[in-house]
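A quick write-up on the structure given underneath.
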Amino acid sequence: MNNLDIVILGSPGERREELTNTIKAIGHTPVPTDSEFAGTGDAILVDLDTALTESELQNAELDARPMLVVAGAVSPALRRLMARSADTLLVTDPSEGGLRTALATASGLA
């Protein structure tokens with residue numbers, strides 16, 4: 001599997017740090033959303049278990065890159081993202097194994 005540059009959307013804090021560390025541990029590169037490279041990442045990981053602004057959600061909906069959506073429950077935001085025309089994968093287990101499996105699938109889509 002190729003190394004992917006993953007843009008992580010979600011509230012800053014411990015949860016994002018955990019996701020960032022997990023992505024690094026499985027051999028991928030996390031890209032900060034405020035980075036000049038955020039628009040060039042290979043895929044997007046959206047953490048719906050943290051707060052997203054309406055603007056972040058709208059931008060994610062319109063982005064054509066493969067997307068991994070971390071969600072522990074069904075929500076209006078999840079329904080919106082799953083209805084995108086681009087490839088979207090739901091991740092209910094954001095552990096190292098869960099993300100490794102999802103990113104292996106996403107690498108075939110990127």
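Keep in mind that the numbers below use all heavy atoms, side chains included, and drop hydrogens, waters and symmetry copies.
Every residue meeting the side-chain contact (heavy atoms from CB on, under 4.5 Å) condition with T20, not counting sequence neighbours, appears here in chain and number order: I8, R16, K24, P30. Remark: E18 engages no residue in a salt bridge (Lys or Arg N to Asp or Glu O under 4.0 Å) (not counting sequence neighbours). For P94, the side-chain contact (heavy atoms from CB on, under 4.5 Å) test picks out R15, L19, V70, with sequence neighbours left out. In terms of the side-chain hydrogen bond (donor to acceptor under 3.5 Å, both in side chains) criterion, N59 has no residue partners (sequence neighbours excluded). E17 meets the side-chain contact (heavy atoms from CB on, under 4.5 Å) test with N21; sequence neighbours excluded. Annotation: side-chain contact (heavy atoms from CB on, under 4.5 Å) contacts of S11 (sequence neighbours excluded): T50, A51. For T29, the side-chain hydrogen bond (donor to acceptor under 3.5 Å, both in side chains) test picks out N3, with sequence neighbours left out.
Atom-to-atom distance recorded for D93:CG and T101:OG1 is 8.5 Å, nearest 0.5 angstrom. The distance from atom CG of D47 to atom CG of L9, rounded to the nearest 0.5 Å, is 9.5 Å. One finds the CG atom of L68 at 9.5 Å from the CD1 atom of I44 (value rounded to the nearest 0.5 Å). Separating the CZ atom in R65 from the CG atom in L4 is a distance of 11.5 Å, to the nearest 0.5 Å.
Using a distance-only test at 3.5 Å, with no hydrogens or angles considered, a donor-acceptor pair links the side chain of E56 to the main chain of T53. Looking only at distances, a side-chain donor or acceptor of R84 sits under 3.5 Å from a matching main-chain atom of D63.
The heavy-atom pair separating A77 from L57 by the smallest distance is CB-CD2, 3.9 Å. Summarising the geometry of G72 relative to D49, their closest heavy-atom pair is N-OD1, 2.9 Å, with the distance given to 0.1 Å. A pairwise comparison of heavy atoms in L89 and A102 identifies CD1-O, 3.5 Å as the closest pair.
Sorted pairs that involve residues 2-11 and meet salt bridge (charged side-chain N to carboxylate O under 4.0 Å, His left out), not counting sequence neighbours, are lacking altogether. Each salt bridge (charged side-chain N to carboxylate O under 4.0 Å, His left out) pair with one or both residues in residues 70-80, not counting sequence neighbours, appears once here: E54-R80, E61-R80.
You'll find the side chain of M82 reaches within 4.5 Å of the side chain of L90, heavy atoms only. Counting heavy atoms from C-beta outward, L45 and M67 have side chains that stay 4.5 Å or more apart. Contact annotation: the side chain of L103 approaches that of I26 to within less than 4.5 Å [non-hydrogen atoms, C-beta and beyond].
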